[in-house]
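Working notes, structure below.
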There are 2 protein chains.
Amino acid sequence: MSDPAIRRPYRREGEEKRRDDLIAAAMALVAEGGTEAATVRAIAARAGVTPGLIRHYFQSKEELTHAAYRHVMESMTQEALRAIEGLPESDPIGRLAAFVAANFRPPVMTPAVVGVWASYMHLGRNDPVIHAIHEATYLGYRDRLQDLIAALPRPADPARDRREAIACNALIDGLWIEGGSLPDSFASGEVQRIALDGIGAMLGVRFPDTAYSNTALPGTADRKTAP
Amino acid sequence: MSDPAIRRPYRREGEEKRRDDLIAAAMALVAEGGTEAATVRAIAARAGVTPGLIRHYFQSKEELTHAAYRHVMESMTQEALRAIEGLPESDPIGRLAAFVAANFRPPVMTPAVVGVWASYMHLGRNDPVIHAIHEATYLGYRDRLQDLIAALPRPADPARDRREAIACNALIDGLWIEGGSLPDSFASGEVQRIALDGIGAMLGVRFPDTAYSNTALPGTADRKTAP
DNA sequence: CTGACTATTGTTCGTTTGTATAATTAAAGA
DNA sequence: TCTTTAATTATACAAACGAACAATAGTCAG
């Protein structure tokens with residue numbers, strides 16, 4: 001196909017940079033066209049390298065796939081945790097509101113992230129590694145939510161807290177999927193409002209008007225992942 | 001591979017039977033191993049025929065795939081509608097409860113159905129036919145839910161009804177996904193109870209104890225699809 | 001019982017997939 | 001500048017995919 005005399009020029013990059021590039025390329029392709037669009041050739045082209053390089057950094061395509069999935073899921077949890085970072089424990093309602101609201105704006109609620117989540121979801125039933133990542137992320141998030149619910153100013157009842165954490169988590173999931181899949185079907189901030197209203201009703205609390213703001217609360221770090 | 005002298009014996013079946021068999025085989029394979037497991041060869045083997053036959057009944061594999069997806073989604077909606085079939089309009093709370101509860105028992109909440117839903121979900125972003133089926137089913141279900149909510153005995157408020165229908169639909173979706181994906185993580189009837197509690201809280205209604213029964217309500221048809 | 005119809009089989013084709021490996025060359029150290 | 005190293009390219013390969021098509025044999029009308 002190509003003249004053996006001409007060989008593609010290239011630059012050597014640090015291992016970390018190349019791995020990140022390949023993971024980012026895989027995620028972007030999965031977000032756009034599902035797992036079947038993320039072939040080794042397509043990933044390599046997107047990352048600006050040749051297919052052979054992938055197996056220099058990852059023992060198999062599956063390994064790259066797992067790394068990409070783990071990255072997406074972990075960054076979502078980290079984003080929710082960052083939203084309550086620095087908020088005082090003396091205001092459990094404000095912390096819960098911030099934790100919930102973080103799921104309904106970028107970079108968490110985007111068509112790309114929802115797309116990646118959906119693409120890998122059905123894969124988890126056959127791939128034990130994917131399943132483990134999914135389960136750990138899911139239960140980890142739900143546990144954090146239950147902690148925030150248990151901190152509300154009301155009589156303690158762990159069994160009730162568990163049920164309500166399951167319900168709130170399901171509501172967040174459902175709204176996140178819908179809002180991310182059909183972004184044009186909802187007005188700006190509408191999904192977040194519906195989520196806060198629903199969770200407030202289920203838990204018997206009333207969130208202050210400030211909780212309905214469409215941006216991260218003041219005091220929350222607003223920078224990107226790397227400094 | 002095989003001796004041309006020996007030819008596999010076969011029976012001729014009616015067109016409808018063969019089509020149904022192929023659709024059922026495709027659904028079972030998708031439920032077990034995702035869309036990538038449903039190859040023409042695997043579908044044919046599962047249906048007890050040879051690969052060539054598929055293209056006798058369907059112009060392409062995609063056409064079979066679409067038929068299978070449509071079948072799954074439509075049967076879910078039909079199951080929910082059957083649950084309120086025959087319930088009097090004088091009891092809007094009972095109708096809403098029955099409509100909700102139908103989603104949290106077989107044949108709607110099963111790992112297989114949730115698996116099929118998840119497998120096709122990410123496909124919808126690139127395949128317009130899949131997307132159309134998904135959207136029609138989703139909005140159709142939500143509209144039915146909003147009708148039931150609007151029939152509740154309280155002051156009319158269409159904008160509020162819309163938001164609450166979105167919220168209730170999201171809660172149902174999230175719980176259905178979780179309950180279907182991790183059936184061992186929940187006690188029998190637990191998901192249904194959480195759903196009814198959450199929806200009751202969000203709508204400000206209290207469902208009677210009979211609504212929490214784990215089976216279809218009396219008066220509801222309990223037969224299979226065909227007599 | 002016979003002949004026509006078509007449902008069904010068996011096989012082949014070109015493409016794409018993930019993987020393997022040899023050949024090169026950019027970059028760093030002596 | 002020379003040598004070494006390993007990051008990167010380029011090519012090859014077996015397997016599996018959807019599709020196409022000719023050959024065969026159940027089934028039904030007459």
Side-chain angles (χ1 to χ4, degrees), chain A residues 1-23 25-26 29-30 33-69 119 123 126-127 129-130, chain B residues 1-23 25-26 29-30 32-68 119 123 126-127 129-130:
Chain A
M1 184 184 186
S2 60
D3 186 348
I6 322 173
R7 199 183 170 92
R8 170 182 180 151
Y10 61 93
R11 284 206 327 146
R12 290 194 168 196
E13 296 285 357
E15 170 170 349
E16 207 161 335
K17 162 98 164 91
R18 275 280 190 254
R19 287 182 66 97
D20 288 353
D21 282 355
L22 289 171
I23 287 175
L29 284 165
V30 170
T35 50
E36 62 244 2
T39 68
V40 287
R41 286 165 179 83
I43 294 170
R46 172 71 66 112
V49 298
T50 51
L53 189 61
I54 288 180
R55 302 208 55 252
H56 180 74
Y57 286 106
F58 300 92
Q59 207 162 16
S60 69
K61 184 207 167 188
E62 230 186 1
E63 194 180 308
L64 166 56
T65 278
H66 293 162
Y69 182 57
S119 296
L123 235 111
N126 298 311
D127 186 328
V129 177
I130 294 286
Chain B
M1 181 181 185
S2 59
D3 185 350
I6 320 172
R7 199 184 169 93
R8 170 185 179 150
Y10 61 91
R11 285 204 327 147
R12 288 198 168 195
E13 297 284 357
E15 169 172 347
E16 207 160 336
K17 164 99 164 87
R18 275 280 189 251
R19 287 182 67 96
D20 288 352
D21 281 355
L22 290 171
I23 287 175
L29 284 166
V30 170
E32 291 168 11
T35 50
E36 63 244 0
T39 68
V40 288
R41 288 165 178 83
I43 294 170
R46 171 70 67 108
V49 298
T50 50
L53 188 61
I54 288 181
R55 302 205 56 253
H56 180 72
Y57 285 105
F58 300 92
Q59 209 163 15
S60 69
K61 183 205 167 190
E62 228 186 3
E63 193 180 309
L64 167 55
T65 277
H66 292 164
S119 295
L123 234 112
N126 299 311
D127 185 329
V129 177
I130 293 286

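The sequence lines fix the lettering, A, B, ..., with proteins before strands; numbering per chain opens at 1.
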Checklist entry - Pick the nucleotide of DNA chain D nearest each of B/Val40 and B/Arg8; which residue has the one closer to the 5' end? => result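 Nearest nucleotide further toward 5': that of B/Val40.
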
Which protein N or O atoms sit under 3.5 Å from an N or O of nucleotides 28-30 of chain D?
none

Rounded to whole angstroms, how far apart are [atom1] on [X] and [atom2] on [N]?
{"X": "B/Phe58", "N": "D/dA19", "atom1": "CZ", "atom2": "C1'", "answer": "16 Å"}
{"X": "B/Arg41", "N": "D/dA19", "atom1": "CZ", "atom2": "P", "answer": "11 Å"}
{"X": "B/Leu53", "N": "D/dA19", "atom1": "CG", "atom2": "P", "answer": "15 Å"}
{"X": "A/Ile54", "N": "D/dT9", "atom1": "CD1", "atom2": "C1'", "answer": "13 Å"}
{"X": "A/Glu62", "N": "C/dT19", "atom1": "CD", "atom2": "P", "answer": "8 Å"}
{"X": "B/Leu29", "N": "D/dC17", "atom1": "CG", "atom2": "P", "answer": "11 Å"}

Checklist entry - Among residues 10-21 of chain A, which residues get a heavy atom nearer than 4.0 Å to DNA chain D? => result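 A/Tyr10, A/Arg11, A/Arg12, A/Glu13, A/Arg18, in order of number.
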
Checklist entry - Among residues 43-52 of chain A, which contact DNA chain D at a heavy-atom distance under 4.0 Å? => result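 A/Val49, A/Thr50, A/Gly52, in order of number.
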
Next on the checklist: Measuring only between side-chain heavy atoms, which start at C-beta, is B/Glu13 closer than 4.5 Å to B/Asp21?
Outcome noted: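 When only atoms from C-beta onward are counted, B/Asp21 and B/Glu13 do not touch, as no gap falls below 4.5 Å.
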
Next on the checklist: Are the side chains of B/Thr65 and B/Val30 in contact, using a 4.5 Å heavy-atom criterion?
Outcome noted: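 Side-chain contact under 4.5 Å: no.
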
Item to check | Nearest listed nucleotide, side chain of A/His56, among C/dT8, C/dG18, D/dA6 | outcome: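 The answer is D/dA6.
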
Next on the checklist: By nearest atom, which of the nucleotides C/dA7, D/dG18, C/dT17 is closest to the A/Thr39 side chain?
Outcome noted: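 For the A/Thr39 side chain, the nearest candidate turns out to be C/dT17.
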
Checklist entry - With respect to the phosphate group of D/dT24, does any side-chain polar atom (N or O) of B/Arg7 fall under 4.0 Å of OP1 or OP2? => result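 Answer no for this pair, as no side-chain N or O of B/Arg7 is under 4.0 Å from OP1 or OP2.
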
Checklist entry - Which part of the nucleic acid, if any, lies within contact of B/Arg55, taking any heavy atom under 4.0 Å across all strands shown: a base, the sugar-phosphate backbone alone, or nothing? => result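 The residue B/Arg55 makes base contact.
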
